[in-house]
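These notes are about the structure you will find just below.
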Amino acid sequence: MFTSEVSLIAVLVAAIVHMIVGMIWFSPGAFGKAWMKEIGMSASDMKKAKESGMGKTMFLGFLAGLVTAYVFSHVMGMAAVTEWQGAVEAAFWTWLGFIAMTMLGGVLWGKQSVKLFVITSGYWLVSLAAMGIVLVY
């Protein structure tokens with residue numbers, strides 16, 4: 001059985017980076033407005049969501065980021081990734097094989113737009129690459 005060393009500090013930092021990438025990616029200055037349009041959310045809907053307390057949602061998103069970073073750390077350990085270039089390559093192949101292909105189902109069968117797919121799957125590609133870079137250092 002293969003075991004790899006996982007730095008829990010690196011996993012924590014990677015999960016924080018994941019959240020920061022999300023805040024930037026989905027901000028109004030980046031892809032936030034287009035994303036809201038694609039999911040049918042108005043500015044007033046977003047305001048209501050913020051007012052009703054997004055703390056639980058943000059916390060659950062952070063936990064998901066922790067799990068992703070922890071598992072991705074193991075994957076990179078099994079692939080013997082030790083440098084940032086390898087981390088970015090591992091992120092790409094992980095994204096392509098597992099995230100993008102899974103999310104494509106939303107376009108094929110869930111009537112989601114290609115634009116929504118590009119925005120959300122693009123976020124995951126960038127986020128995984130950023131997490132991978134943190135995890136190798």
Side-chain angles (χ1 to χ4, degrees):
M1 182 168 110
F2 179 82
T3 59
S4 64
E5 295 287 323
V6 173
S7 166
L8 296 180
I9 299 293
V11 167
L12 178 63
V13 173
I16 292 168
V17 166
H18 170 71
M19 295 295 288
I20 292 169
V21 170
M23 286 184 238
I24 294 168
W25 193 268
F26 292 104
S27 71
F31 300 103
K33 290 179 183 176
W35 174 77
M36 285 174 49
K37 180 181 176 188
E38 293 302 310
I39 65 167
M41 180 178 264
S42 68
S44 64
D45 293 334
M46 181 59 79
K47 185 178 178 184
K48 287 177 190 173
K50 287 180 181 179
E51 289 171 355
S52 69
M54 293 179 65
K56 181 180 176 183
T57 303
M58 295 293 284
F59 178 73
L60 292 173
F62 180 71
L63 286 180
L66 277 173
V67 171
T68 301
Y70 186 81
V71 171
F72 194 42
S73 180
H74 275 290
V75 168
M76 290 197 310
M78 291 188 305
V81 174
T82 58
E83 296 181 356
W84 75 267
Q85 298 93 332
V88 171
E89 185 177 353
F92 172 78
W93 290 113
T94 301
W95 168 81
L96 181 63
F98 298 103
I99 294 174
M101 294 302 104
T102 300
M103 293 180 76
L104 187 60
V107 175
L108 298 175
W109 297 288
K111 299 182 182 180
Q112 291 178 354
S113 71
V114 172
K115 187 173 184 178
L116 180 61
F117 167 78
V118 170
I119 292 169
T120 54
S121 70
Y123 157 68
W124 276 102
L125 174 60
V126 171
S127 183
L128 271 179
M131 286 193 291
I133 291 168
V134 168
L135 292 168
V136 296
Y137 289 107

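Start at 1 with the first residue, then count along the sequence.
Atom CZ of F26 is separated from atom NZ of K33 by 16.0 Å, given to the nearest 0.5 angstrom. Atom CG of L135 and atom CD1 of I9 lie 12.5 Å apart (nearest 0.5 Å). M46 contributes atom CE, which lies 5.0 Å from atom CH2 of W35 (distance to the nearest 0.5 angstrom).
In terms of heavy-atom proximity, A90 sits nearest to T94 at O-OG1, 2.7 Å. Across all non-hydrogen atoms, the minimal contact from A10 to V134 is O-CG1, 3.7 Å. Of all non-hydrogen atoms in A87 and V81, the two that sit nearest each other are N-CG1, 3.3 Å. Annotation for S73 and V11: closest pair CB-CG2, 4.5 Å, computed over non-hydrogen atoms. A69 approaches A15 most closely through the heavy-atom pair CB-N, 4.3 Å.
Counting non-hydrogen atoms of other residues, nucleotides and ligands closer than 6.0 Å to CH2 of W84 gives a total of 12 or fewer. Around the CG atom of L60, the shell of radius 6.0 Å holds more than 12 heavy atoms that belong to other residues, nucleotides or ligands. Other residues, nucleotides and ligands contribute at most 12 non-hydrogen atoms within 6.0 Å of the CD atom of E89.
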Would you give me the side-chain donor-acceptor pairs under 3.5 Å for residues 115-133, sequence neighbours excluded?
from	atom 1	to	atom 2	distance (Å)
T120	OG1	L116	O	2.8
S121	OG	F117	O	2.6
Y123	OH	H18	O	3.4
Y123	OH	H18	ND1	3.2
Y123	OH	H18	NE2	3.3
S127	OG	H18	ND1	2.6

Are E83 and V136 close enough, and set up right, to give a side chain to side chain contact (heavy atoms under 4.5 Å, CB included), and what steps lead you there? CA-CA 6 Å; E83 296 181 356; V136 296; 5.9 Å; no
Evaluate the criterion side chain to side chain contact (heavy atoms under 4.5 Å, CB included) for residue pair M58 and M19; output intermediate values, then yes/no. CA-CA 9 Å; M58 295 293 284; M19 295 295 288; 3.7 Å; yes
Could you check I16 against I20 for side chain to side chain contact (heavy atoms under 4.5 Å, CB included), going step by step and ending with a plain yes or no? CA-CA 6 Å; I16 292 168; I20 292 169; 3.9 Å; yes
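Residues passing the ring pair (Phe, Tyr, Trp, His ring centres under 6.0 Å) test with F98: none are found, sequence neighbours excluded.
Taking the six-membered ring where tryptophan is involved, the planes of Y70 and H74 are perpendicular, since the angle between them exceeds 60° and thus also 30°.
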